[in-house]
Peer 1: 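Below is one structure. I have some questions about it.
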2 protein chains.
Amino acid sequence: MTARTRLPGGAAETRGRATRTALLDAAEQLFAERGYAGASLRAITEAAAANLGAVNYHFGSKEGLLWAVISRRVSPVNRERLRLLAECRRAADGGPPDVEAVLRAFVTPVFALRAGGGVNSFVRLAGRMYSEPLPQLPKLHARLFGEVTGLFLDALSEALPGLSRKELWWQLQLVIGTFLHPLLAGPRLAEFTERMCLLDDMDAVADRMIRFAAGGLRAAQAREGAGRARGDGVRKR
Amino acid sequence: MTARTRLPGGAAETRGRATRTALLDAAEQLFAERGYAGASLRAITEAAAANLGAVNYHFGSKEGLLWAVISRRVSPVNRERLRLLAECRRAADGGPPDVEAVLRAFVTPVFALRAGGGVNSFVRLAGRMYSEPLPQLPKLHARLFGEVTGLFLDALSEALPGLSRKELWWQLQLVIGTFLHPLLAGPRLAEFTERMCLLDDMDAVADRMIRFAAGGLRAAQAREGAGRARGDGVRKR
DNA sequence: CTTGCAGTCATACGTTCGTATGATTCTACC
DNA sequence: GGTAGAATCATACGAACGTATGACTGCAAG
């Protein structure tokens, strides 16, 4: 029940890591498909070909497993997001960064998580996290994503001058919704509307999202300007 | 266990209707907050001040309760959506309807469901329905919303000429995401980003969404035109 | 007053849940 | 090659789940 921290190194660690990873993979998929309450540890351990007790041994509890599932993906996404954001700034050469480029830096790392041509489970899980009723979840989410999100707000603030900070925060929520819903609903979307529209070409989907979100942001900017000038028409910029 | 269909009329019916409504209200809220699997019948019946057996008596099963919760709200929303859409067409006077007006007709009836200044539970529930793993759900969703959604796709098709049917379907998903995410995450959104941004002024929120979505749609239209003309700039139309 | 039921209630059944426990297996190191 | 300890395993526990059952209650009609 102890000594999970002290690692002697060697093959013994490898065996533990293997089931650890299998558990994380299975949990990621099942949490995404069925939600936290809907995915039982028995279903997860069975999918991972592991023993029922393995979850409590490796992660302490079901909640601990969920935190581990989330945390595992966050660092790579954050790192890649920041890398692409820095690239935006370099391309802008001191000036305001391009809106589309900032949005692309925001969404591309998440798309990169997909596996095998389909939508990655983590995206759907991340979408669920906004509505799962676990009390500690918002705090964790803020700790994991808060800083990077703030930097993207900064970038959008420069790319879209004239929008207040509060307004930008709202716009970012709309952007997130744009990205999240199609990926969260994912493969089942077509069923809901009785149409065959598969998520076959993910690059095209990402392009669509970015274009749409950029158009939405620019419309908000135009409105904010027009609103302040009281119907004076399009603001100079 | 039988004879729920034959109603003798009078006060006996009233008593049953009261608990029925209380159960629907409580279930709507708890399904929205905790999801289908996370909301137990014991929690629902307790919140409704009803007996545990009342759910199975009135709705047959937990799933039956969910279908009833959903169905109750759909007719008013659909009716109001169609009314506002017809108003759009009348205002357009035979010409293509206004994009913002169509979007407003789409989203306003949902906002109207809110109660007491907050976000109504049904909106969050409707958002959850896209990802809940119940097998029969997509079929129900298509049956309840499919026809009206198709009519809105028609209207958008006229309002945004040049976009293919498949492309429009995708754009509508982005629009739905724009509307859904802020409402689904709802009161907890501020916690996630450590910022105080309350859903205080719902009319302003709706305006923001509509403006954003309209901007996104117009950007998609511009891109489709430019894409077909291979960088020729804005298409004539 | 009595009879018929829609509706309510307490209660119980079988299942599944998350978690805990103790024995057992496997592997790295002396 | 024997031993410590990381890891796995079968198993059990109490709680909570959805559902079913039968007695009970209250009201309307005969």
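Quick note: numbers below take in every heavy atom, side chains included, and nothing from hydrogens, waters or symmetry partners. Proteins come first, then strands; the chains are lettered A, B, ... in the order of their sequence lines, and each starts at number 1.
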Peer 1: Can you give each donor-acceptor pair under 3.5 Å made by side-chain atoms of residues 29-38 of chain B, sequence neighbours left out, with the distance rounded to 0.1 Å?
Peer 2:
residue, atom, partner, partner atom, Å
B:Gln29, NE2, B:Glu33, OE2, 3.2
B:Tyr36, OH, B:Glu63, N, 3.2

Peer 1: Under 4.0 Å: is that the gap between some side-chain N or O of B:Ser40 and OP1 or OP2 of D:dC17?
Peer 2: yes
Peer 1: For A:Ser157, give me all partners under side-chain contact (heavy atoms from CB on, under 4.5 Å), at least two apart in sequence or on another chain.
Peer 2: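 Testing A:Ser157 for side-chain contact (heavy atoms from CB on, under 4.5 Å), a comparison that skips the adjacent residues, returns A:Arg165, A:Leu168.
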Peer 1: Can you name the side-chain contact (heavy atoms from CB on, under 4.5 Å) partners of B:Asn51, sequence neighbours left out?
Peer 2: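 Expected list: none.
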Peer 1: May I have the list of side-chain donor-acceptor pairs in residues 80-87 of chain A shorter than 3.5 Å, sequence neighbours left out?
Peer 2:
residue, atom, partner, partner atom, Å
A:Glu80, OE1, A:Arg83, NE, 3.2
A:Glu80, OE2, A:Arg83, NH2, 2.9
A:Arg81, NE, A:Phe106, O, 2.8
A:Arg81, NH2, A:Phe106, O, 3.1
A:Arg83, NH1, A:Glu87, OE2, 3.4

Peer 1: Which residues, if any, of residues 24-36 of chain B bring a heavy atom under 4.0 Å of DNA chain C?
Peer 2: none
Peer 1: Are B:His181 and A:Phe179 an aromatic pair by the rule of ring centers under 6.0 Å?
Peer 2: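 Between B:His181 and A:Phe179, the centre distance exceeds or equals 6.0 Å.
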Peer 1: Rounded to the nearest Å, what distance is computed from the CG atom of residue B:Asn56 to the C1' atom of nucleotide D:dT19?
Peer 2: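 Answer to the nearest Å: 5 Å.
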Peer 1: If I take atom CG in residue B:Leu41 and atom C1' in nucleotide D:dC17, what distance separates them, rounded to the nearest angstrom?
Peer 2: 8 Å
Peer 1: Looking across every strand, which nucleic acid part, if any, lies under 4.0 Å from B:Ala37 by heavy atom: base, sugar-phosphate, or nothing?
Peer 2: nothing
Peer 1: Detail all sub-3.5 Å separations between protein N/O atoms and N/O atoms belonging to nucleotides 10-13 of chain C.
Peer 2:
none

Peer 1: Within the structure, does a side-chain N or O atom of A:Thr19 lie under 4.0 Å from either OP1 or OP2 of D:dT8?
Peer 2: yes
Peer 1: Sequence neighbours excluded, which residues qualify as side chain to side chain donor-acceptor pair (under 3.5 Å) partners of B:Arg211?
Peer 2: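 Listed in chain order: nothing, the list is empty.
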Peer 1: At 4.0 Å (heavy atoms only), tell me whether A:Ala49 reaches a base, stays on the sugar-phosphate, or touches nothing.
Peer 2: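 Nothing: the residue A:Ala49, judged by heavy atoms under 4.0 Å, touches no strand.
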Peer 1: Looking at every non-hydrogen atom in both residues, tell me the closest pair between A:Arg208 and B:Leu174 and how far apart they are.
Peer 2: O-CD1, 4.0 Å
Peer 1: Over how many whole Å does the gap from A:Glu46 atom CD to C:dC17 atom P extend?
Peer 2: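 It is 10 Å, rounded to the nearest whole Å.
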Peer 1: Provide, to the nearest angstrom, the distance between the CZ atom belonging to B:Arg17 and the C1' atom belonging to D:dC27.
Peer 2: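 Distance check: B:Arg17 CZ to D:dC27 C1' gives 17 Å.
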Peer 1: Please give, in whole Å, the distance from D:dT19 P to B:Lys62 NZ?
Peer 2: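 In whole Å, D:dT19 P and B:Lys62 NZ are 8 Å from each other.
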Peer 1: Considering only side-chain heavy atoms of A:His58, which listed nucleotide, D:dA7, C:dT8, D:dC17, is closest?
Peer 2: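 Looking only at side-chain atoms, A:His58 lies closest to D:dA7.
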Peer 1: Atom CG of B:Leu65 and atom P of D:dC17: how far apart are they, to the nearest Å?
Peer 2: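 Roughly 15 Å, once rounded to whole Å.
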Peer 1: Run the side-chain contact (heavy atoms from CB on, under 4.5 Å) test against A:Ala22 and tell me which residues pass, sequence neighbours left out.
Peer 2: A:Ala48
Peer 1: Between C:dG7, D:dT19, C:dT19, which one does the side chain of B:Tyr57 approach most closely?
Peer 2: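 Comparing C:dG7, D:dT19, C:dT19 against the side chain of B:Tyr57, the answer is C:dG7.
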Peer 1: Among residues at least two apart in sequence or on other chains, which ones pass side chain to side chain donor-acceptor pair (under 3.5 Å) with B:Arg72?
Peer 2: B:Asp25
